[in-house]
Every structure is written in structure tokens, then in C-alpha cells.
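Working notes for the structure below.
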Amino acid sequence: MKKFTKIAVLNLLCAGILMLLLPTHWFPSFYDVRYVGYASFLGAFLILFLPAMIRVAQYVPNAHKKNQAVDSFEFFISFT
């Protein structure tokens, strides 16, 4: 799951960079390319930092199960 998450973040970052740097007339006109570029950056940062904020320390009771749920949540948000 970690490899899929890293690939998803890398794809979002590359798409965001391309959408922000390339001319807007290269893309279809039915959506605003700049907003989609910013949204892809936001999605990448959510995938990276949201699970890091809700992960619990190892000394907490049932920490392994809770952190496994966080890993599943990270996979879910990177899949969607």
C-alpha cells in the first residue's frame, strides 16, 4: 500500500506542476486549469500529511491497530 500511495502523490505533484506551468490553451476549456493544478497539490499534501497528524504513538494501547487503520485511510484517500 505504501508504494501505491507514493506513486499517487508523485502523479498528483507532476500533474499539478504541469497544469500550473504549461499554457492554459493546451488544455480543454471546460475547466479552469489553474484551480485543478492547485487542487492536485492540495490532494497530494492531504495524502501525505493528514495521516501523519492522526497517527498515534507506539506506547498507546492498541497503537498497532489504530496505525493500521490510518494506513488503510491513507490508501483510501490516495485511491479516490
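Along the sequence shown, residues are numbered consecutively beginning with 1. On a predicted model such as this, the values are computed, not experimentally measured, just so you know.
One hydrophobic cluster, built from ILVMFWY side chains closer than 4.5 Å, holds both L12 and F76. At a threshold of 4.5 Å between side-chain heavy atoms, the hydrophobic network of Ile, Leu, Val, Met, Phe, Trp and Tyr places M53 and F73 in one connected group. Linking ILVMFWY side-chain heavy atoms closer than 4.5 Å, directly or via other members, places Y38 and L50 in a single hydrophobic cluster.
The shortest side-chain heavy-atom distance between I54 and K66 does not fall under the 4.5 Å cut-off. Using a 4.5 Å cut-off on side-chain heavy atoms (C-beta onward), Q58 and N67 make contact.
One distance of note links CZ of F79 with OG of S72; it measures 13.5 Å at 0.5 Å rounding. Atom NE2 in H64 sits 9.0 Å away from atom CG in D71 (nearest 0.5 Å).
If you run side chain to side chain contact (heavy atoms under 4.5 Å, CB included) between S78 and each of I47, I7, V9, only I47 comes through.
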Only distances under 3.5 Å count here; give the side-chain donor-acceptor pairs of residues 14-31 to other protein atoms, sequence neighbours excluded, each with its distance to 0.1 Å.
none

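When hydrophobic residues (I, L, V, M, F, W, Y) are linked wherever their side-chain heavy atoms come within less than 4.5 Å, the members clustered with L42 are L46.
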